[in-house]
Amino acid sequence: MPDDRPEPSLSRPPTPAPDAPESESALVAARREKLARWRAELGITGYGHRVDGRCSLAEARSLFREDLHVAFEAIVARRRAATAGGPAATVEEAASLLAEDPRPTVRVAGRVVQHRAMGGLVFVVLRDETQDLQVSVQRAAVDPAHFRLAEKLDYGDIIVAEGRMGRTNRGEVCVWAASIDLHVKSLVPPPEKWHGLTDPETRYRQRYVDMYANPQTIRVFQARSRIVARIRNVMDGRGFLEVETPMMQPIAGGAAARPFVTHHNALGMPLFLRIAPELYLKRLLVGGLPRVYEINRNFRNEGIDRQHNPEFTMMEVYEAFGDCETMLELTESLLHTLASEIDHLVPDASPVTGTDEAERMPAAVSPPTAPLLRPFGDTIVDWARPFRRTTYGALFESALGFSMSDGPRVRERAAAAGVENHAQADQWLLVSALFDRFAEARLDPARPTFVTDFPSAISPLTRPHSDRPELAFRWELFVAGMEIANAYTELNDPDVQLARFTEQLAGADDDAKTFRSLDDDFIHALRVGMPPAGGLGIGIDRVVMLMTDQTSIRDVILFPLMRSTGDVQRAGPVILPETTDA
RNA sequence: GACCACGUAGCUCAGUUGGCAGAGCAGCCGACUUUUAAUCGGCCGGUCCUGGGUUCGAGUCCCAGCGUGGUCACCA
């Protein structure tokens, strides 16, 4: 390049673009300057147009054929012999060579993730959602403007390249560029090319950067999508109908969590973001849909940790004339299917671990299966069927050393463990507290385990055993220390349900009273008559965590909730919800 | 909500007992036609999260705040 070329700032006023703050770093300024130079000298717009006939980088790579490449090299060698040698020295020679080139032509697009300019030869590695692929640019093979562009590309730019599928002398499969076009100039300096972006805060806040800097991130969300699609596929195959019920509810029911509150202006009414779809889905059983499911978000106004995000995705399933045992079979079958197919659902997901041959679609029925191992953090989960089963009471007794029916000892142990309110609280609430603290930890994290026969006192929507009413037809599935699923034989006696609700409301503390109320219409629906049914909830985020070996829920949620950083700009005041009983 | 840790260049990270703010990558200029984190020569780059305090002197020590991570609490 000529040394006396005028700086762009001389031909353009030094005022920054509207979106360029004065404090913008020198690195961003350098990229803006480069774009301005390209626009002036190469006629590049910087923000490209529609591209037809593009293939993915994976497809392009699959078109490479060694025999064609060898044939091409033979042609080159023959020409060298004829014309005293060297690589193509002129554009004319290169053009006539191209006419004889037997290798397939491709057009690819991607983001630049590596760039090595070596004088007359430039190597650019592109990335798209499938994989990385090198584009090689020879000075003699492209228009000079294209070569000048290729020489100065930055990590983060998006380009479209066209050329033949071949390879380098070192065996790297690549596109030998005949043309290169800039389709987006990236103005933001990229993460470090070797270590990538590791700061979790930036990864979550700027997921778009994380996604191109860390290909594994895209793989996880591709896997998530395919897992959810496969779940829908299984549910549809079993005759369930997918439905959508309100996420904004006048009464937040179906669970005991604290809801988010909002407000509808035109109706002048407070609304809650749902904590569960359960009470609406059961209304559908009353209405005559015997098999329904819903996969969507629930919102719980509670703490955040590696297993909890305020909004999370759950699948709820209801099956008329089923019970918690049919839900158990469904759950076990579904999870085993996912665990066995995950590597095929996502071919690129785990290039390191090759577990190809063993797993095919399992039979519909469920004989015991061979071990089906998948890593999750420090443990290796065995998804072999059948999953383990134990009862709540047995697990309690093995952990605490006495029966959960032993009222005095339960109270005594709760006191010793410092459980809040141990003197007045219901015995079964103390049992539940002790169970959560001591018994859950006794489960083998490597073996999915159904814990059955929960206490009725903590299962207000569940049908009790007729011979032992203190126990309910309810189980939870635990895997790797996480609660993955929860199912009941649904309570469909309206009078018992009303009594349970009333009892629960009476026991609510002042805080809970602000958002809990009795859903009279649900009781009315039960009076109309709900068929006996099994009901199930599966935490989709946690299932995805297990299947993709991500130990933080934030790594399976595209945009996990982060605290506001104070740079939020509002057009006007936030309208706060009216206080209750306004 | 409680406790612990962390916050230094665009990114990944050093920073000694309190004594001039550092490296690699990235960027800029130059060389280079088969690289693989290319290499080589030269150069640029800082609100040490924010605000106070102690001190002759604070990235370092103290206090408060903000953000993130972790543990706990909360969590059909």
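Not measured: the values here are computed from a predicted model. Chain letters run A, B, ... following the sequence lines, proteins first, then strands; residues in each count from 1.
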*Rounded distance (Å) that lies between atom C1' of rG67(B) and atom CE of Met562(A)*: 8 Å
_Just to be sure I understand the rule, does Tyr204(A) reach a base, reach only the sugar-phosphate, or reach nothing, if contact means heavy atoms closer than 4.0 Å?_
sugar-phosphate
*With heavy atoms under 4.0 Å as the rule, sort Glu316(A) into base, sugar-phosphate or nothing.*
base
*Between Arg563(A) and rG67(B), does any side-chain N or O lie under 4.0 Å from OP1 or OP2?*
yes
*Atom C1', compared across rA58(B) and rG15(B): separation rounded to whole Å*: 14 Å
*Would you say the side-chain atoms of Asp128(A) pair up with the backbone N or O of Leu57(A), donor to acceptor, closer than 3.5 Å?*
yes
_Cationic N near anionic O, under 4.0 Å, Glu201(A) to Arg205(A)_ = yes
_Using atom C1' in both nucleotides, what's the gap between rC49(B) and rA9(B) to the nearest angstrom?_
15 Å
*With a 3.5 angstrom cut-off on both distances, give the Watson-Crick or G-U wobble partner of rG24(B), or none if there isn't one.*
rC11(B)
*Please work out if Arg554(A) contacts a base, only the sugar-phosphate, or nothing of the nucleic acid, heavy-atom cut-off 4.0 Å.*
sugar-phosphate
*If you take all heavy atoms of Asp555(A) and Arg207(A), which pair is closest and at what distance?*
CA-NH2, 4.3 Å
*Kindly point out which of rC28(B), rU71(B), rA38(B) is positioned nearest to the side chain of Met118(A)?*
rA38(B)
*asked:* Need the pair for rC6(B). Rule: Watson-Crick or G-U wobble, both distances under 3.5 Å, any strand; none if unpaired.
replied: rG67(B)
*Counting Watson-Crick and G-U wobble pairs only, both distances under 3.5 Å, name the nucleotide matched with rU17(B), or none.*
none
*For rG45(B), give its Watson-Crick or G-U wobble partner with both distances under 3.5 Å, or none.*
none
_Rounded to whole Å, how long is the line connecting atom CZ of Phe312(A) with atom P of rC75(B)?_
14 Å
*Closest to side chain of Asp305(A), choosing from rU34(B), rC29(B), rA73(B)*: rA73(B)
*asked:* Is the ring pair Phe64(A)/His69(A) parallel, tilted or perpendicular, if the boundaries are 30 and 60 degrees?
replied: tilted
*asked:* Given Tyr392(A), which partner from the list Phe450(A), Phe478(A), Phe435(A) fulfils the ring-ring contact (aromatic ring centres under 6.0 Å, His included) test?
replied: Phe435(A)
*Would you say Arg205(A) reaches rU68(B)'s phosphate, i.e. side-chain N/O to OP1/OP2 under 4.0 Å?*
yes
_Between the side chains of Asp154(A) and Lys185(A), is the shortest nitrogen-to-carboxylate-oxygen separation below 4.0 Å, so that they form an ion pair?_
yes
*asked:* For rU36(B), give the paired nucleotide (Watson-Crick: N1-N3 plus N6-O4 or O6-N4; G-U: N1-O2 and O6-N3; both under 3.5 Å), or none.
replied: none
*Spatial distance of atom CD1 (Ile538(A)) from atom CD (Glu483(A)) [nearest 0.5 Å]*: 11.5 Å
*Write down the distance separating the P atoms in rC6(B) and rG18(B), rounded off to the nearest Å.*
16 Å
_Flag, side chain of Trp176(A) to backbone of Val135(A), donor-acceptor distance under 3.5 Å_ = no
*asked:* Against the six-membered ring of Tyr280(A), is Arg283(A) placed for a cation-pi contact (under 6.0 Å from the centre, within 45° of the normal)?
replied: yes
*Taking the C1' atom of each, how far is rG7(B) from rU50(B), in whole Å?*
11 Å
*Using whole Å, report how far CG of Leu126(A) lies from C1' of rU36(B).*
15 Å
*Please report, rounded to the nearest Å, how far the P atom of rA26(B) is from the OH atom of Tyr212(A).*
14 Å
_Under 4.0 Å, heavy atoms only, any strand: does Ile275(A) hit a base, just the sugar-phosphate, or nothing?_
nothing
*Taking any strand in view, what nucleotide pairs with rC72(B) in a Watson-Crick or G-U wobble way, both distances under 3.5 Å?*
rG1(B)
*Expressed in whole Å, how much space separates the C1' atoms belonging to rC62(B) and rA21(B)?*
23 Å
*For residues 191-203 of chain A, which residues have at least one heavy atom under 4.0 Å from RNA chain B?*
Pro191(A), Glu192(A), Lys193(A), Trp194(A), His195(A), Gly196(A), Leu197(A), Thr198(A), Asp199(A), Glu201(A)
*Please give, in whole Å, the distance from rA38(B) P to Glu172(A) CD?*
12 Å
*Rounded to whole angstrom, note down the P distance from rG65(B) over to rC4(B).*
13 Å
*What is the distance from NE2 of His115(A) to P of rC25(B), rounded to the nearest Å?*
17 Å
*Between rU68(B) atom C1' and Asp210(A) atom CG, what is the distance in whole Å?*
15 Å
_side-chain N/O Arg31(A) vs rA26(B) OP1/OP2, d < 4.0 Å_ = no
*Kindly say if Gln307(A) contacts the phosphate of rC75(B), meaning a side-chain N or O under 4.0 Å from OP1 or OP2.*
no
*What nucleotide among rU34(B), rC29(B), rG70(B) has an atom nearest to a side-chain atom of Thr168(A)?*
rU34(B)
*Among rC29(B), rG27(B), rU34(B), which is the nearest nucleotide to the side chain of Phe123(A)?*
rU34(B)
*asked:* Of the listed nucleotides (rC74(B), rA26(B), rU36(B)), which one gets closest to any side-chain atom of Arg258(A)?
replied: rC74(B)
*Separation of rU68(B) C1' from Leu561(A) CG (nearest whole Å)*: 13 Å
_Taking only the C1' atom of each, what is the distance from rU36(B) to rC72(B) in whole angstrom?_
47 Å
*Scan every strand shown for a Watson-Crick or G-U wobble partner of rG57(B), both distances under 3.5 Å, and answer none if you come up empty.*
none
*asked:* Is it the case that the side chains of Asn492(A) and Arg463(A) hold a donor-acceptor pair, with the cut-off being a distance below 3.5 Å and no angle test?
replied: yes
*Between the main-chain N or O of Cys324(A) and the side-chain N or O of Trp475(A), is there a donor-acceptor pair closer than 3.5 Å?*
yes
*Considering only atom C1', compute the distance from rC11(B) to rU16(B) and round it to an integer number of Å.*
26 Å
*Which of these nucleotides, rG67(B), rC28(B), rU33(B), is closest to any side-chain atom of Gln138(A)?*
rU33(B)
*If you check every side-chain atom of Asp154(A), which of rU33(B), rG27(B), rG69(B) has the closest atom?*
rG27(B)
*asked:* For a quick check of understanding: with a heavy-atom distance under 4.0 Å over all strands, which category does Ala117(A) fall into, base, sugar-phosphate or nothing?
replied: base
*asked:* As a test of reading the structure: which of rA38(B), rG30(B), rU34(B) is closest to the side chain of Gln114(A), going by heavy atoms?
replied: rA38(B)
